[in-house]
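Working notes, beginning with the structure itself.
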2 protein chains.
Amino acid sequence: MKDVKTEKCPDTQACPVAITVDVIGGKWKAKILYNLISGPKRFNELGRLMPATTKRMLTLQLRELEQDGIVHREIYREIPPKVEYSLTSFGETLKPILYLMRDWGEMYEKEVLLKRKNSENV
Amino acid sequence: MKDVKTEKCPDTQACPVAITVDVIGGKWKAKILYNLISGPKRFNELGRLMPATTKRMLTLQLRELEQDGIVHREIYREIPPKVEYSLTSFGETLKPILYLMRDWGEMYEKEVLLKRKNSENV
DNA sequence: CAGAATCCAGGCCGATACTG
DNA sequence: CAGTATCGGCCTGGATTCTG
């Protein structure tokens, strides 16, 4: 399972936003994190909240978030198995960014989609 | 030149952060935008600020930002040619997010790199 | 200077099947 | 339920060359 490294910017030191992009800029990471703000979620629960993703991608992105100390993985030894993902206290420091991203999305989504419609005739 | 579409999330409507990720989540977009905050920049000037990118990628990402109405492209008819990129007023609405991303990066970069070091021995 | 066009390797990521 | 393993298509994106 060596795949999707998401190593994005060699010259991280030069650009202070680079490391942040590297941590939350994965294909699904911001969405995963946003969904975790409201509380811990089980694996399939996250999958249901993000129908467009696959179990594979969900796993890979969660593993990277775990390695970066953003997300905690709690395993309950039960039958059937139960695993809960939650934000670590370090992950919580990303909440302001996630909230701003949510607000911007809510505010300007229509405008973006409109601009894209208009530039379709190229 | 049909390439690098960066179309990321089909179920945009379900997740308010999705559209934001779609707009600034490209490989270089946040870095480009951050570099434009301090004022308009010429094409090669941006290239010099981000040595790890190629002209090709820079062009592609700038075009997408242009289509989304985030970046303005001003062409000066001179010899040699001069093109300046700047944030539109719409693009300026992203500044709070970019600032937070910069702040987070400056604050926690070392911590992230450390966590990655530690999880190397897997 | 500011790109566009073409080529093409490598890797992202979806699909599918399998496991404890 | 919560994953892992493997295969393979196709897209990403680097290198190079060419233009106004």
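In what follows, chains are A, B, ... by sequence order, proteins preceding strands, each numbered from 1.
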Out of D:dG20, C:dC13, D:dA2, whichever nucleotide has its closest atom nearest the side chain of A:Arg42: D:dA2
Rounded distance in Å - CZ (B:Arg48) to P (C:dA2): 8 Å
Ion pair check, A:Lys95 and A:Glu92, cut-off under 4.0 Å: yes
d(CH2, B:Trp28; C1', D:dG14) in whole Å: 11 Å
Rounded interatomic separation in angstrom, taking NZ from A:Lys29 and C1' from C:dC13: 15 Å
Separation between CE of B:Met101 and CE of A:Met101, rounded to the nearest 0.5 Å: 7.0 Å
Interatomic distance, B:Ile75 CD1 vs C:dC1 C1' [rounded to whole Å]: 13 Å
Selection from D:dG3, C:dC1, C:dA4 that lies nearest to any side-chain heavy atom of B:Pro81: C:dC1
Nearest-neighbour nucleotide for the A:Val83 side chain, D:dG3, D:dG13, C:dG20 considered: D:dG3
Check: B:Ala18 main-chain N/O paired with B:Asp22 side-chain donor or acceptor under 3.5 Å: no
Under-4.0 Å side-chain N/O to phosphate OP1/OP2 contact, A:Lys27 with C:dG14: yes
Closest to side chain of B:Thr59, choosing from C:dG14, C:dA4, D:dG20: C:dA4
Side chain A:Glu111, main chain A:Tyr108, donor-acceptor under 3.5 Å: no
Parallel, tilted or perpendicular: rings of B:Tyr85 and B:Phe43 (30°, 60°): tilted
Interatomic distance, A:Glu84 CD vs D:dA2 P [rounded to whole Å]: 9 Å
Touch class at under 4.0 angstrom, heavy-atom based, for B:Arg73 against every strand present: sugar-phosphate
Side chain of A:Thr54 (C-beta onward), nearest among D:dG13, C:dA15, D:dA2: C:dA15
Beyond-backbone contact of A:Leu113 with B:Ile19, side-chain heavy atoms, under 4.5 angstrom: yes
Bend angle of the helix from C:dC1-D:dG20 to C:dG20-D:dC1, end axes from five pairs each (to 10°): 50°
Atom-pair distance (CZ on B:Arg56; P on C:dA4), nearest Å: 11 Å
Which nucleotide in D:dC1, D:dG14, D:dG3 has an atom nearest any side-chain atom of A:Asn44: D:dC1
Nucleotide C:dC13, atom P - distance to CG of A:Leu60 in whole Å: 9 Å
Sugar-phosphate only, base, or nothing, as touched by A:Tyr85 at under 4.0 Å among non-hydrogen atoms: sugar-phosphate
Nucleotide nearest A:Phe43 (side chain, heavy atoms from C-beta), chosen from C:dC13, D:dG14, D:dG3: D:dG3
Minimum side-chain heavy-atom gap A:Arg73-A:Arg63 below 4.5 Å: yes
Exam field: side chain B:Glu84 to backbone B:Pro40, donor-acceptor pair closer than 3.5 Å: no
Closest listed nucleotide, where the reference is the side chain of A:Lys55 and the choices are C:dA2, D:dA15, D:dG3: D:dG3
Phosphate-side-chain proximity, A:Arg63 and D:dT4, N/O vs OP1/OP2 below 4.0 Å: yes
Nucleotide nearest B:Pro80 when distance is taken to its side chain, options D:dG13, C:dG20, C:dC1: C:dC1
Protein-nucleotide distance (B:Leu62, atom CG; C:dA4, atom C1'), rounded to Å: 15 Å
